[in-house]
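Note that the coordinates shown come from a computational prediction; the quantities given were computed from them, not determined experimentally.
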2 protein chains.
Amino acid sequence: MSINRLPTIKEIARKLNISTSTVSRALHDHPSIGWVTTMRVKQLAEELNYEPNFSAISFKQRKTFTIGVLLPNLSEAFFSTAISGIEEFASTKKYNVLIGQSLDDPEREVRILESMKNHRVDGMIVSVSKNTTSFEHFEQLQHYNIPIVFFDCIPERTDVHYSACNLQTGMLKAIETLVAKGITNIALINGPAHLNASKQRQQIYFKGLKMHNIPYDPQMMQTTDLSKEGNLAAMDKLFSLEHPPKAIITFNDYLALDAIVAAKARNMVINKDIYFISFANLPIWSYMNERPLASIEQFPHLQAEKATEILFSLMEAEPGIEVKKPCYQQVIFDSELILHSL
Amino acid sequence: MSINRLPTIKEIARKLNISTSTVSRALHDHPSIGWVTTMRVKQLAEELNYEPNFSAISFKQRKTFTIGVLLPNLSEAFFSTAISGIEEFASTKKYNVLIGQSLDDPEREVRILESMKNHRVDGMIVSVSKNTTSFEHFEQLQHYNIPIVFFDCIPERTDVHYSACNLQTGMLKAIETLVAKGITNIALINGPAHLNASKQRQQIYFKGLKMHNIPYDPQMMQTTDLSKEGNLAAMDKLFSLEHPPKAIITFNDYLALDAIVAAKARNMVINKDIYFISFANLPIWSYMNERPLASIEQFPHLQAEKATEILFSLMEAEPGIEVKKPCYQQVIFDSELILHSL
DNA sequence: TCAAATTACGCAAACGGTTGCCTTACTTTT
DNA sequence: AAAAGTAAGGCAACCGTTTGCGTAATTTGA
């Protein structure tokens with residue numbers, strides 16, 4: 001068993017008695033190389049199963065053909081779906097994907113970003129950690145000319161590129177659906193108040209209530225830190241009310257899982273005594289026999305794919321150092337309400 | 001906003017009026033560089049926030065510092081847990097992880113392996129696709145001196161490195177547990193017959209029955225292609241028997257999910273009329289109110305971590321071309337039966 | 001006191017591929 | 001027929017780091 005070396009451009013050149021530059025150009029269909037030579041090179045390359053050495057090109061071009069992805073948690077279905085969208089798009093462009101999880105810890109976020117910079121990623125896709133408040137670490141990357149596209153969890157600024165999801169369409173539709181069933185005491189269990197995502201849900205919640213002339217009762221909106229204990233505590237509060245809710249909109253699916261368990265512990269029948277609406281729409285619902293009435297789908301795959309597309313457009317435009325009026329690409333998808341058949 | 005360049009060894013050398021080779025050696029604590037110079041270099045490097053250029057090193061060393069991971073399906077919790085184990089270990093060694101999904105398609109497997117080779121991965125961790133029968137494509141990598149460590153789904157050969165899980169401990173314990181509850185008509189819904197994983201389960205099933213003097217009834221062992229339809233068909237067969245089973249061991253968790261749905265469709269009460277034992281132990285069970293009596297935990301994180309450890313030992317030993325008597329590292333963990341509290 | 005050993009560092013090539021510029025040999029043009 | 005243009009391809013530098021070998025300065029040994 002001999003140990004093979006992968007063929008190089010030099011080998012091809014030697015075997016054909018031409019120079020390496022000719023081989024290189026031939027492989028790139030450079031016009032200054034004759035038809036015959038080009039064909040001979042390509043054929044031999046094919047025979048030898050030649051593949052360009054990534055490291056060499058990356059070195060020479062000062063590009064790593066790698067994009068960094070930084071998101072809160074890979075193990076959440078939402079994000080792994082997103083990764084899959086990113087990976088698909090990137091692989092068509094022959095790019096690699098380097099993944100980092102912030103675990104919603106701002107310090108980890110900073111460290112990972114630093115490490116990505118040192119790995120010389122060509123661009124980044126970021127879903128901001130839930131607890132991040134500062135923006136410097138992102139700004140720093142721009143000094144090194146590394147473009148960033150945010151998705152899903154985006155910073156509250158106008159000078160960034162992003163691809164996100166408009167929760168309003170799905171959430172208003174959810175409230176509308178509940179009202180149509182004659183339900184008006186609708187609660188919201190929201191995430192931590194400082195989150196952009198929480199603020200959005202709250203505003204839409206207000207708007208939805210107003211649209212249907214439902215007065216807002218502050219006790220019907222609870223928040224949780226999204227821990228199991230926090231989730232159960234929020235449920236406790238809602239059910240210790242004089243008029244407990246008939247329907248609950250939950251910040252996300254995981255919260256809904258806990259909430260459903262809590263409701264059952266109170267001997268309530270799901271989708272009869274109590275209705276749930278969740279954000280995200282995990283695939284496991286189809287296996288559960290007690291599930292929310294509906295979920296608000298945010299199309300993580302689509303969002304992430306679009307973010308990747310934007311990133312590539314930025315990376316490809318990069319060389320033009322002409323900093324024309326900075327034009328930020330911002331795409332927003334509409335969320336949709338998906339009813340779970342019962 | 002000026003555009004920074006990441007500092008290089010050359011810059012450090014220039015600023016200190018020494019040669020790049022000295023800087024390089026100093027950074028590596030080479031003994032031939034004096035204490036003072038070494039310190040001066042290190043300090044300046046620190047100040048400038050110097051990080052070695054990966055591409056350059058990778059190019060020069062003919063190593064990519066990347067390991068390839070090839071597994072059937074990233075979206076299965078079992079494998080994403082495994083990835084996490086691999087990623088953790090690799091990142092401590094400053095290695096990157098390149099992921100490929102075979103989707104249990106042998107052709108994709110071959111293609112991905114080829115692509116990994118061309119990406120010049122330094123080593124591979126592979127969980128073989130369920131439908132793979134040949135071994136050539138793996139052998140080919142060895143010609144290029146790329147070590148492979150298999151995990152979980154391993155080929156039936158002795159001349160490979162692997163980290164796997166011994167199903168016997170958990171599965172025998174499962175049968176023992178059932179028998180202790182007075183249940184003896186225990187069925188097995190197995191995966192495709194040609195799978196190594198299926199053969200193992202079958203053998204242990206036989207062994208377990210024999211240990212408790214339960215006669216083997218061929219009708220109590222069904223197989224499925226693991227599609228939803230196949231799974232339901234297997235359940236149909238079992239329940240059209242004269243003496244349907246009281247307990248069913250399922251090839252994996254996903255099959256168990258379908259099987260539970262099928263049982264409920266027959267108005268059976270789970271863990272009363274019928275008991276299930278599943279392989280894998282998905283985290284979602286804790287949220288489901290109808291779950292198997294127990295699951296056989298195979299410790300994917302641990303398995304994968306160990307596989308990575310073995311891979312690194314191989315990659316580090318690599319240079320010694322002295323092909324001493326090929327010694328294969330093979331680690332087997334015991335599975336455990338995890339009871340689900342009801 | 002002079003050869004030998006040691007210390008501390010520099011020189012330059014190499015890794016594989018790309019690219020600006022130059023050269024050679026034809027082919028056109030006038 | 002001489003000047004100019006074109007087609008096809010070679011030369012060599014470069015990207016950042018590592019490393020074998022060479023060398024100057026200093027120390028050691030006898």
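Applying the side-chain hydrogen bond (donor to acceptor under 3.5 Å, both in side chains) rule to A:E51 yields no partners; only residues at least two apart in sequence or on another chain are considered. By the side chain to side chain contact (heavy atoms under 4.5 Å, CB included) test, A:E46 is found to be paired with no residue, residues two or more places apart in sequence or in another chain being considered. Applying the salt bridge (Lys or Arg N to Asp or Glu O under 4.0 Å) test to A:K63 and every residue at least two apart in sequence or in another chain returns nothing. Applying the side-chain hydrogen bond (donor to acceptor under 3.5 Å, both in side chains) criterion to B:Q61, with sequence neighbours excluded, gives no partner residue.
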Might you list the N or O atoms of the protein lying below 3.5 Å from N or O atoms in nucleotides 23-25 of chain C, with each pair's distance?
none

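For the atom pair A:D122 CG and A:M116 CE, the distance stands at 12.5 Å (nearest 0.5 Å). Interatomic distance, CD of B:E156 versus CZ of B:F135, reported as 11.5 Å (0.5 Å rounding).
Contact check of residues 14-28 of chain A against DNA chain D (heavy atom, cut-off under 4.0 Å) returns A:I18, A:S19, A:S21, A:T22, A:R25. Proximity of residues 113-122 of chain A to DNA chain C (heavy atom under 4.0 angstrom from any strand atom) is not detected for any residue. Contacts between residues 31-48 of chain A and DNA chain C, counted as heavy-atom distances below 4.0 Å, involve no residue at all.
Between the side chain of B:T66 and the backbone N or O of B:N96, no donor-acceptor pair lies under 3.5 Å. Here the side chain of B:T308 pairs a donor or acceptor atom with the backbone of B:A304 at under 3.5 angstrom.
Rounded to an integer number of Å, the gap from B:I9 CD1 to C:dC11 C1' is 15 Å. Rounded to whole Å, atom C1' of C:dG16 lies 14 Å from atom CD of A:E51. For the pair B:K60 NZ and C:dA13 P, the interatomic distance rounds to 12 Å; values are reported in whole Å. The nearest whole Å value for the distance from the CD atom in A:E11 to the C1' atom in C:dC15 is 14 Å. Going from atom CG of A:L6 over to atom C1' of C:dG17 covers 15 Å, rounded to whole Å.
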Name the atoms and distances for all side-chain donor-acceptor pairs under 3.5 Å in residues 26-36 of chain A, with sequence neighbours left out.
residue: A:H28; atom: ND1; partner: A:S24; partner atom: O; Å: 2.8
residue: A:D29; atom: OD1; partner: A:K42; partner atom: NZ; Å: 2.9
residue: A:D29; atom: OD2; partner: A:K42; partner atom: NZ; Å: 3.1
residue: A:H30; atom: ND1; partner: A:S32; partner atom: N; Å: 3.1
residue: A:H30; atom: ND1; partner: A:S32; partner atom: OG; Å: 3.1

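Aromatic ring orientation, A:F151 versus A:F78: parallel (interplanar angle below 30°, classes split at 30° and 60°).
Side-chain atoms of A:S19 and A:T22 include a donor-acceptor pair closer than 3.5 Å. Side-chain atoms of A:Q140 and A:E136 form no donor-acceptor pair, as typed in the model, at a separation below 3.5 Å. Side-chain contact of A:S129 with A:S102: a donor-acceptor pair under 3.5 Å is absent, judged by distance alone.
Note: A:F299 and A:F333 fail the aromatic proximity criterion, with ring centroids not under 6.0 Å apart.
Under a cut-off of 6.0 angstrom, the local environment of CD in A:Q43 is sparse, with at most 12 non-hydrogen atoms contributed by other residues, nucleotides or ligands.
Fit an axis to the five pairs at each end of the helix from C:dT1-D:dA30 to C:dT30-D:dA1 and the two axes sit 50° apart, to the nearest 10 degrees.
Counting 5' to 3', DNA chain D first comes under 4.0 angstrom of a heavy atom of chain B and last does so at the ends given by D:dC15 to D:dG20.
Phosphate contact (OP1/OP2 of C:dG16, side-chain N/O of A:Y50, threshold under 4.0 Å): absent.
Salt bridge B:E109/B:K130: absent, no basic N to carboxylate O contact under 4.0 Å. Between B:E114 and B:R111, none of the side-chain N atoms (NZ, or NE/NH1/NH2) sits under 4.0 Å from a carboxylate O, so this pair counts as no salt bridge.
Residue pairs meeting the side-chain hydrogen bond (donor to acceptor under 3.5 Å, both in side chains) criterion with at least one member in residues 7-16 of chain A: none, sequence neighbours excluded.
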